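Have a look at the structure below, then the notes.
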Amino acid sequence: MGLFNSCGVVYKPAKDVDLSPTSSEFYLKANVKAPRMIGVVVKIFAWVLEMRILGKLLLYVLKANNLIYKLIGDAEIEESPVFCPSHPVEEKESEEVKHIDFDLSETEQVQEAVSCLPTWSEREVNCLNPSFHRWTIMDYARAYHSKKTTPLTVAERFVAAVSESSKPPFNMSFFINYDVEDIMKQAAESTKRYELGRPLSVLDGVPIAVKDEIDCLPYPTTGGTSWLHKLRPCTGDASCVKYLRLCGALIVGKTNMHELGIGTSGINPHHGSTRNPYNSSRICGGSSSGSAAVVAAGLCPAALGVDGGGSVRIPASLCGVVGLKPTFGRVPHSGVLPLNWTVGMVGILAGTIEDAFIVYAAISSKLPSHQNTALPKLCFPLLNSSRPISSITLAKYGEWFNDCSDDIRVCCSNALDKLQKHHGWKSVEVTIPEIEVMRLAHYSTIASECSTSLSSYLEKLDSSQLGWDARVALAVYGSFSSKEYIKAQKIRNRQMYFHRKILAHADVIVSPTTGVTAYPILNAALKTGELDYINGAALVRYSIAGNFLGLPAVTVPVGYDKTGLPIGLQFIGRPWSEATLIHIACAMQALCIGDYKRPQIFYDLLSKE
Ligand SMILES: *[C@@H]1O[C@H](CO)[C@@H](O)[C@H](O)[C@H]1NC(C)=O
Ligand SMILES: *[C@@H]1O[C@H](CO)[C@@H](O)[C@H](O)[C@H]1NC(C)=O
Ligand SMILES: *[C@@H]1O[C@H](CO)[C@@H](O)[C@H](O)[C@H]1NC(C)=O
């Protein structure tokens with residue numbers, strides 16, 4: 001890291017930092033200094049933070065305790081700031097991929113993706129009698145084609161299931177909004193298309209849910225609040241929703257989320273706290289909590305989320321589903337709440353990696369969206385190939401990898417061993433320096449961007465309309481200075497350099513997805529939310545590079561802890577290397593799918609026995 005000057009760290013030039021396994025860089029554990037708070041304590045904390053003088057003082061102490069000044073604000077950093085994690089287009093030859101022409105429509109892209117999947121019979125052989133199987137997009141498409149069922153029947157079952165799960169004793173709080181009439185209308189149109197033998201794509205009539213942070217008619221976009229939609233009406237579909245509709249997808253509603261996406265528990269005082277289908281007294285993780293839960297519970301094979309600090313991968317991992325977050329700029333961002341500009345991106349939650357791939361094919365754009373970066377051609381993995389891709393190198397930073405609960409460490413290490421042995425892939429030990437510094441720099445960035453983007457709304461807002469934990473978060477978010485923001489961008493430059501160097505010698509970096517599994521929801525937290533920065537830091541521990549550096553990343557379920565709660569393994573790739581990531585995730589999934597377990601709360605919409 002470097003020497004300390006009187007008050008801040010003096011960082012060594014990035015190019016002089018040793019990234020080898022024998023590096024003298026030490027691993028700094030998250031030094032979170034904040035008590036876990038629920039109930040009335042959260043309220044008192046929020047009040048004090050909002051006081052003019054006492055609040056400033058408390059914020060100063062909090063930031064000092066959490067090393068914001070020492071590691072960021074007062075640090076000396078030689079590198080210049082990098083404000084946006086855009087990556088140059090490199091047309092790199094990779095194995096077993098298909099390049100997709102720029103001029104294909106969304107439905108043609110989906111068709112191309114399907115042609116890269118193994119055929120039905122191959123798949124049957126590949127996953128011999130899995131103990132538990134969620135219905136996939138292809139299962140729906142086949143059932144509709146063969147007239148075994150229709151989108152209308154599925155929609156009826158969907159509505160019945162959501163209605164049951166919303167009521168006691170379940171109170172799952174999956175959705176913020178779903179409109180039965182709108183769902184039945186789409187389902188009727190889709191059913192008609194199948195009757196005429198003209199479905200739009202394999203997604204036609206397949207239920208897909210959308211996080212309530214993404215614009216989608218006829219719903220308001222609440223962002224998990226009780227007020228944002230009143231100040232910012234939703235006037236049209238976001239691009240990604242538009243593309244899904246063009247493919248015929250049955251858009252079934254807006255999923256629950258952490259208020260404004262500014263937390264990782266998914267506890268929401270306005271719309272109910274989404275409960276984990278594997279144990280309904282546990283959290284789902286956030287912020288895309290509802291999107292993960294509906295996929296886990298079998299209500300949709302896939303759902304859209306937004307990932308600003310692990311918000312897709314964390315809940316996916318806690319709910320035992322796949323989470324894919326493409327490279328910064330790959331999926332168009334228009335029509336997504338602009339809660340922050342340079343770290344948040346649309347991602348996909350799905351029951352299997354193949355389904356995440358199909359939805360990725362539908363929503364990926366060829367046109368630049370963020371800033372003015374050019375986009376490289378889309379590349380799809382040939383998952384139908386009989387030989388698996390050879391010679392993958394996985395980079396692993398042991399100390400970081402092991403900084404998680406015992407169950408997660410054992411489960412993820414075993415999964416990784418199995419993967420390497422089975423395919424003869426090699427893994428290399430590396431040192432990723434300054435990971436905790438990166439987390440703080442990302443926090444300073446997302447906090448500054450979020451409070452800036454909401455500032456005009458917050459001025460008009462009576463703070464009693466905000467949840468208590470959101471009030472605390474916004475008070476902290478608003479406390480960062482321009483010096484801290486810009487120094488954080490210098491840290492971004494360093495980290496982009498470190499990751500580029502590591503990924504020059506490895507195809508992916510591998511880590512657990514979270515440091516803890518789903519923890520219990522405390523009753524006192526339901527109304528006030530909770531402040532749990534220790535569990536919070538453990539949840540986001542492995543997510544930051546995906547957001548701050550814009551790298552693509554995927555999480556795959558690889559097992560369960562002692563109490564049966566899901567565990568995910570994460571792969572972080574080079575910019576634009578989604579095809580390789582999907583390949584690797586698919587290989588990992590194939591080795592684990594036989595042991596997948598059915599959640600406590602599960603609905604079978606296809607084959608009602
Ligand atoms: C795999 O899919 C590609 C693209 O559709 C096709 O060209 C190729 O022949 C397929 N390969 C096998 C082994 O089925
Ligand atoms: C940042 O924005 C993304 C999407 O815009 C969202 O998912 C995430 O929760 C936001 N995070 C914060 C802390 O504002
Ligand atoms: C679910 O979690 C609770 C604690 O929150 C625990 O008491 C209970 O045993 C768990 N249920 C199962 C079936 O493991």
Side-chain angles (χ1 to χ4, degrees), residues 36 38 93-101 104-105 107-126 132 137-138 141 165 169-173 201-202 265-267 272-285 289 292-293 296-297 315 317-320 353-354 357-358 360-362 364 377-390 405 407-408 411 514 516-526 530 532 535 538-539 557 559-567 578-580 582-583 586-587 590 596-602:
R36 183 170 188 192
I38 49 171
E93 279 312 305
S94 32
E95 247 186 290
E96 305 295 341
V97 301
K98 177 166 193 182
H99 293 273
I100 303 303
D101 288 332
L104 295 193
S105 67
T107 52
E108 285 166 333
Q109 282 181 194
V110 167
Q111 189 45 46
E112 288 287 350
V114 170
S115 78
C116 294
L117 298 180
T119 59
W120 178 235
S121 54
E122 282 161 357
R123 220 187 109 216
E124 290 280 73
V125 176
N126 285 345
F132 160 69
I137 291 169
M138 295 309 285
S165 67
F170 304 103
N171 297 324
M172 297 302 282
S173 302
S201 80
V202 292
S265 68
I267 293 176
S273 298
T274 314
R275 293 174 175 278
N276 196 310
Y278 279 90
N279 179 335
S280 58
S281 61
R282 305 274 176 155
I283 62 159
C284 284
S289 25
S317 169
L318 265 47
C319 292
I353 184 68
E354 291 87 347
F357 172 34
I358 293 174
Y360 167 71
S364 293
K377 265 192 179 173
L378 264 177
C379 237
F380 288 170
L382 290 171
L383 301 176
N384 62 353
S385 161
S386 47
R387 58 196 174 96
I389 104 184
S390 57
S405 75
D407 286 2
I408 294 179
C411 175
T514 60
V516 290
T517 50
Y519 56 84
I521 299 176
L522 303 176
N523 278 335
L526 293 175
E530 66 172 356
D532 184 347
N535 271 322
L539 286 176
Y560 304 84
D561 71 6
K562 283 191 203 74
T563 55
L565 297 166
I567 294 172
E578 285 83 356
T580 307
I582 294 170
H583 254 305
C586 198
Y596 284 175
K597 293 185 187 151
R598 184 185 176 108
Q600 275 174 4
I601 308 293
F602 182 74

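This is a predicted model, so every value here is computed, not measured. Sequence positions, counted from 1, serve as the residue numbers for this chain. Counting starts at 1 for both ligands and their atoms, in listed order.
At a 4.0 Å heavy-atom cut-off, the residues surrounding ligand 3 are Asn279, Ser281, Arg282, Pro520, Thr563, Gln600, listed by chain and number.
Taken to the nearest 0.5 Å, the CD1 atom of Ile521 stands 8.0 Å off from the OG1 atom of Thr274. Atom CG of residue Asn535 and atom CD1 of residue Ile283 lie 7.0 Å apart, to the nearest 0.5 angstrom. Atom CD in Gln109 sits 9.0 Å away from atom OH in Tyr360 (nearest 0.5 Å). Taking NZ of Lys98 as the reference point, atom OG of Ser385 lies at 13.5 Å (rounded to 0.5 Å).
By the 30° and 60° cut-offs, the orientation of the rings of Tyr560 relative to Tyr278 is tilted.
The proximity of Leu382 to ligand 1, defined as any non-hydrogen pair under 4.0 Å, is limited to the side chain. At a heavy-atom cutoff of 4.0 Å, ligand 1 is contacted by no atom of Glu112, backbone or side chain.
Of all atoms in ligand 1, numbered sequentially from 1 with element shown, those under 4.0 Å from a heavy atom of Lys98 are 4 (C), 5 (O). Atoms of ligand 1 lying under 4.0 Å from at least one heavy atom of Ser115, given by number and element, are 2 (O), 4 (C), 5 (O).
Proximity of Glu578 to Cys379: side-chain heavy atoms (C-beta onward) are nowhere separated by under 4.5 Å.
Without hydrogens or angle criteria, Asn276 side chain to Arg282 main chain gives no donor-acceptor distance under 3.5 Å.
For Thr107, the side-chain contact (heavy atoms from CB on, under 4.5 Å) partners at least two apart in sequence or on another chain are Ser105, Ser201, Cys247.
Taking distance alone, with nitrogen or oxygen atoms compared against 3.5 Å, Ser385 stays at or beyond that limit from ligand 1.
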